[in-house]
Amino acid sequence: MRLKIAIGVAMLATLAACTGPNGATGGDSGELSVLVVEPVSGATVSTPFTVKVDSSVPLGASESGQHHVHIWFDDNESDYLIVESNTTRITDAPSGQHTMHVSLRNANHSPAGAEATTPITVGSGGGPAPSPSAGGDGGSPTSSGADPYGY
């Protein structure tokens, strides 16, 4: 009986060691993860604001074969910002309550299987769209026609 308890405790300790903050896995477990570090969930921000992510893999230029992240607001997945580092600055964003999505992507832009969302409120001074700066690819977010945010 004591052996079964000891094995159970060892299994729980191993599981706890492989699980990161907010239940995210990564590192030695082989699973990919991405977390939004800043802004924190429920934060009220005004533009410009910084977005910081924590990824289980290095982020870099797509041309180098490294992963990167796509950031978008609400259900506008086709209007995303490409970010090739752990930090970027959003210079324009729609005012009001939003869900910010961060999706870890392979170099070919396909989903890598790790995503994070965080609710934020953009206060006064919010503009029509996110705009890349430090860490972005220097281009504009993609657009697939008219949308309420003016991306």
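Predicted model only: the values in this text are computed from it and were never measured.
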I90 side chain reached by L81 side chain, heavy atoms, under 4.5 Å: yes
- prompt: Quick one: are Q97 and P119 in side-chain contact, heavy atoms under 4.5 Å?
  reply: no
query: CG of L59 to OG of S85: how many Å apart, nearest 0.5 Å?
result: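 Answer rounded to 0.5 Å: 7.0 Å.
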query: In Å and rounded to the nearest 0.5 Å, what is the CD to CZ distance from E84 to R105?
result: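 Answer rounded to 0.5 Å: 14.0 Å.
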So which heavy atom on [X] is nearest to which on [Y], and how close?
{"X": "G60", "Y": "H68", "result": "O-CB, 3.9 Å"}
{"X": "H67", "Y": "N106", "result": "NE2-OD1, 3.2 Å"}
{"X": "P58", "Y": "Q66", "result": "CB-NE2, 3.7 Å"}
{"X": "A114", "Y": "S33", "result": "CB-CA, 3.7 Å"}

- request: Would you sort out whether T87 and T50 count as a side chain to side chain contact (heavy atoms under 4.5 Å, CB included), showing the intermediate values?
  value: CA-CA 7 Å; T87 304; T50 299; 3.6 Å; yes
Tell me which donor-acceptor pairs under 3.5 Å the side chains of residues 34-45 have, and how far apart each pair is, sequence neighbours excluded?
none

task: Would you check, one step at a time, whether the test side chain to side chain contact (heavy atoms under 4.5 Å, CB included) holds for I82 with H109?
output: CA-CA 9 Å; I82 298 170; H109 299 280; 3.6 Å; yes
query: Any side-chain donor-acceptor pair under 3.5 Å between R89 and T91?
result: no
query: Do L104 and V57 pass the side chain to side chain contact (heavy atoms under 4.5 Å, CB included) test, and can you show the C-alpha distance, the side-chain angles, and the key distance before you say yes or no?
result: CA-CA 9 Å; L104 184 64; V57 293; 4.1 Å; yes
- prompt: For the side chain of N108 and the backbone of S110, is there at least one donor-acceptor N/O pair under 3.5 Å apart?
  reply: yes
- prompt: Who pairs with H101 by side chain to side chain contact (heavy atoms under 4.5 Å, CB included), at least two apart in sequence or on another chain?
  reply: W72, T99, T117
- prompt: Step by step, would you call T88 with I71 a side chain to side chain contact (heavy atoms under 4.5 Å, CB included)?
  reply: CA-CA 10 Å; T88 194; I71 297 176; 4.1 Å; yes
